[in-house]
Amino acid sequence: NRSGTCDIGAYEYTLAGAATSLEIANGDEQGTTPSTVFPRLLQVAALDASGAPVAGIQVTLNAPPSGPGGLFPGSTTFISVATNTNGIASTSVTANNQFGDFAITASSGNLAPVDFSLHNGPYMVHPGGNDTNDWLSPATACQTLPGALRKAGSHNIHIWLTTGIYGSSTDDAIIELLGIDSTREFKIFGGWDETFTKQIGASTIQDSLNNMNGNVVIDHLAIQSTQG
């Protein structure tokens, strides 16, 4: 028969100590288009010296007060969130209306702060792109207008097109574009060079943009109607 005394200490739960560091748990290096919510929550972990999560730590997140940046719930550029039982402080953030890269800093007392790297920019479309790309850079542009529109979902839409011809036979743009409702903003700027740094000409859409709903702005585009 098995005998002996059970060592209860082997089963004791070790309480977390004081928080000694912050780490990014989720939400770093992501992008979205102007005035839309970033797809992933910003999440910061508070850890003790042994790496155990610490609950109840107030973490303050600060976005830039001007230029490219974001707004937290309540439309403020800062927010304070307490870590949960898993030691995680979470918040959503919405991009403002200015293009560019920016950082959001998370801090708590004397702990070393951590920075989230975020990108606020347009949907980039290039004939040599791929609709499975993330559209965040010239190297990862979408290939078609419908591809960019599907990524936008119900959000406002800002699309940049490189010079070239975007035909209805491949894009079926008219079907996608007519689905925009009057509560959304639609901006499409054509004629960009390969690096999306300057407009050098015009982009051609071989389709009709008639009867579009919403707040529509188009620039450097040549519309070539395919209707007889």
Side-chain angles (χ1 to χ4, degrees), residues 8-124 132-137 139-142 148 150-158 183-185:
I8 190 64
Y11 298 90
E12 289 178 346
Y13 176 74
T14 302
L15 295 175
T20 59
S21 65
L22 298 178
E23 290 189 6
I24 293 177
N26 190 26
D28 194 20
E29 296 186 349
Q30 60 173 322
T32 191
T33 55
S35 304
T36 64
V37 179
F38 281 87
R40 290 182 286 132
L41 293 174
L42 305 189
Q43 296 185 316
V44 181
L47 306 175
D48 68 9
S50 65
V54 183
I57 301 298
Q58 289 295 132
V59 177
T60 300
L61 295 96
N62 284 280
S66 61
L71 295 174
F72 297 107
S75 298
T76 66
T77 58
F78 62 91
I79 193 171
S80 184
V81 185
T83 57
N84 59 19
T85 55
N86 295 317
I88 302 293
S90 302
T91 184
S92 62
V93 63
T94 300
N96 65 14
N97 61 359
Q98 298 187 49
F99 291 142
D101 297 327
F102 66 97
I104 286 180
T105 300
S107 61
S108 181
N110 294 324
L111 303 182
V114 294
D115 290 329
F116 292 87
S117 297
L118 304 176
H119 175 78
N120 183 13
Y123 294 98
M124 297 181 182
T132 63
N133 285 341
D134 64 13
W135 56 261
L136 295 178
S137 71
T140 58
C142 289
R150 280 190 289 271
K151 289 182 182 296
S154 61
H155 299 307
N156 295 333
I157 299 170
H158 297 244
T183 64
R184 297 165 67 189
E185 181 181 79

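Computed from a predicted model, the values in this text were never measured in an experiment. Below, all heavy atoms of this structure are taken into account, side chains as well, without hydrogens, waters or symmetry copies.
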Practice problem: Go through the steps for Leu118 and Phe38 under the test side chain to side chain contact (heavy atoms under 4.5 Å, CB included), then give the verdict. | Solution: CA-CA 9 Å; Leu118 304 176; Phe38 281 87; 4.0 Å; yes

Exercise. List the steps and the verdict of side chain to side chain contact (heavy atoms under 4.5 Å, CB included) for Val44 and Phe116.
Key: CA-CA 10 Å; Val44 181; Phe116 292 87; 3.6 Å; yes

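Just one residue in the list Leu22, Ile88, Val54, Val59 forms a side-chain contact (heavy atoms from CB on, under 4.5 Å) with Thr83, and that residue is Val59. Screening Asp101, Asn97, Asn96, Thr32 for a side-chain hydrogen bond (donor to acceptor under 3.5 Å, both in side chains) with Asn120, the sole residue that qualifies is Asn96.
Looking only at atom types and distance, the side chain of Ser117 has no donor-acceptor partner in the side chain of Glu29 under 3.5 Å away.
When side chains are defined from C-beta on, Asn133 does not count as touching Cys142, because their heavy atoms never get closer than 4.5 Å. You'll find the side chain of Phe72 stays beyond 4.5 Å of the side chain of Ser92, heavy atoms only. When side chains are defined from C-beta on, Ser108 does not count as touching Thr60, because their heavy atoms never get closer than 4.5 Å. The shortest distance between side-chain heavy atoms of Leu42 and Ile104 falls below 4.5 Å.
Nearest heavy-atom pair across Pro39 and Gly31 is CD-O, 3.7 Å.
When atom types are taken as modelled, the side chain of Arg40 and the backbone of Asp28 share a donor-acceptor pair closer than 3.5 angstrom.
Applying the side chain to side chain contact (heavy atoms under 4.5 Å, CB included) test to Glu23 and every residue at least two apart in sequence or in another chain returns Leu47. For Ala52, the side chain to side chain contact (heavy atoms under 4.5 Å, CB included) partners are Ala16, Asp48, Ser50, not counting sequence neighbours.
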